[in-house]
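All heavy atoms count here, side chains included; hydrogens, waters and symmetry mates do not. As the structure lists them, so they are numbered: ligands from 1, and atoms in each ligand from 1. Please read these numbers as outputs of a predicted model, since none were measured by experiment.
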Amino acid sequence: MLAGKRVLLLIGGGIAAYKCLELVRRLKERGIGVRAVMTQAAQKFVTPLSVGAITGERVFTDLFDLTAEHDIGHIRLSREADLVVVAPATADLLAKMAHGLADDLATTALLATDKPVLVAPAMNPRMWAHPATRRNMAQLRADGIATIGPNAGAMAERDEFGEGRMAEPAQILAAIEAHFAGADAGSLKGRRILVTSGPTHEPIDPVRYIANRSSGKQGHAIAAAARAAGAQVVLISGPAEVPDPQGVTVIHVESAREMMAAVEENLPVDAAVFAAAVADWRVADASEQKIKKGEGGVPLLQLVENPDILAAVARHPALRPRLVVGFAAETEHVVDHARAKLEKKGCDWIVANDVSPATGIMGGDVNTVHLVSAAGVEDWPSAAKGEVARHLVARIAAALTETA
Ligand code: CTP
């Protein structure tokens, strides 16, 4: 989903410029092409040679470079990218952007571009707090410029501490990924989305339970991404490892039956995503008291099947959401099993992932999924769970618009 995208990286003159090398490396790892423009000041901090070595492309520095003008020109330079990223965005660069000044290649490219722009400000905290910078930032936001950071922390100058450190490369990367995932701010505005997440705990007695290794990371990331896209989100979560996402109504449950009841209470919704790893079975007669050793030997646990929440909602006679998305956690024949599950459960899409221990997906931060629907199978490249979530949310938004 990211491979083949192109970023024009405008590197400003700040100590944080060295972090751009790491950012470029990470972008390239994801198959994103990076072309860099460096300001005069930027070249005091990192050399065009090192930036070019990592981008693998010519680095542009001079507005009046006749060969470059002949080859490509600053207008084309700024328009051939899918996204323009300014990092570090110095106080000076931001001021020039806010006023439309174009006295070097970087600012000319910014004024000439018709592409979205993301800035990663970096400066001394006093410069960041200055009313002039505040005004410029307000103007840039009003112009539709996206911002990432700055962070608070120790500054390069001794004894200085405060807001002004450039966002870390990983944060800038996440902002770029979110941009390309297309889950933009308003795409789910006015929609109600229900998400289940986490494991369920099925009691054996008041202190023991049957559970599984689900962390809740993927489900919670989907709830957060749906919220970020403007949806009203209800997250029905089993005992997950991760904190509640902000701005989302979270209903905490323990068992599959509690999850089922909470889901039914929160219908109708426009779309429902069942990311929870619901225990298939529960203990038939959970003991009301703690089972003690020795009394009649080892306890025999009789299991009974839990209600299938996904299937029940997908086949709901009156309140079936327009889009029902299930997950399939498989350890073999991932896509075949997912196809079968689509039928069996009656849902519209199955997000299938391979949870064999070797993949590290269960509990990990990265996911490799296949989106299986009646239309076919899409293999998505491995990505952070947050990115998978944003991509899925973008697809949900598109599907709801199509069927509206
Ligand atoms: N699911 C559910 N309620 C259940 C069991 C599963 O809502 N009682 C949902 C999960 O949230 C997931 C999907 O169904 O979206 C697939 O779950 P999975 O456990 O993989 O499917 P099973 O039907 O249990 O199939 P199998 O055990 O054969 O893998």
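- A distance of 12.0 Å separates CZ in Phe274 from CD1 in Ile222, rounded to the nearest 0.5 Å.
- Side-chain contact, Arg282 with Asn306: a donor N or O sits under 3.5 Å from an acceptor N or O.
- What sits closest to atom 7 (O) of ligand 1 on the protein, heavy atoms only, is Leu310 N, 2.8 Å.
- A donor-acceptor pair under 3.5 Å links the side-chain atoms of His316 to the main chain of Leu319, judged by distance alone.
- With hydrogens left out, the protein atom closest to atom 29 (O) of ligand 1 is Lys341 NZ, 3.1 Å, a heavy atom.
- Residue contacts with ligand 1: Lys344 is included, with a non-hydrogen atom under 4.0 Å away.
- Counting non-hydrogen atoms of neighbouring residues, nucleotides and ligands closer than 6.0 angstrom, the CD atom of Glu29 exceeds 12 such neighbours.
- Listed by number with element, the atoms of ligand 1 under 4.0 Å from a non-hydrogen atom of Gly326 are 15 (O).
- Ala276 counts as a contact of ligand 1, since one of its heavy atoms falls under 4.0 Å from the ligand.
- The residue Ala277 has no part lying near ligand 1, judged by heavy-atom distances below 4.0 Å.
- Residue Gln40 qualifies as open at atom CD: its count of foreign heavy atoms under 6.0 Å is 12 or below.
- Between Ala279 and ligand 1, no N or O atom pair is found at a separation short of 3.5 Å.
- Of all atoms in ligand 1, listed by their number and element, those nearer than 4.0 Å to a heavy atom of Phe327 are 12 (C), 13 (C), 15 (O), 16 (C), 17 (O).
- At least one heavy atom of Lys345 sits less than 4.0 Å from an atom of ligand 1.
- If you take CG on Leu21 and CD1 on Ile54, they are separated by 4.5 Å, rounding to the nearest 0.5 Å.
- With hydrogens and angles ignored, the 3.5 Å screen pairs no side-chain donor or acceptor of Asn353 with any backbone N or O of Val355.
- The neighbour count for Arg213 CZ, taken as heavy atoms of other residues, nucleotides or ligands under 6.0 Å away, does not exceed 12.
- Of the protein's non-hydrogen atoms, the one nearest atom 27 (O) of ligand 1 is Asp280 OD2, 3.4 Å.
- Between Phe327 and Gln218 the shortest side-chain heavy-atom distance falls below 4.5 Å.
- Taking every non-hydrogen atom of Pro307 and a distance limit under 4.0 Å, the qualifying atoms of ligand 1 come out as 3 (N), 4 (C), 8 (N).
- Within the 4.0 Å heavy-atom criterion, both parts of Asp308, backbone and side chain, lie near ligand 1.
- Atom 3 (N) of ligand 1 has Ile309 N, 3.0 Å as its closest protein atom, hydrogens excluded (heavy atom only).
- For Phe274, a nitrogen or oxygen atom sits less than 3.5 Å from a nitrogen or oxygen atom of ligand 1, counting backbone and side chain alike.
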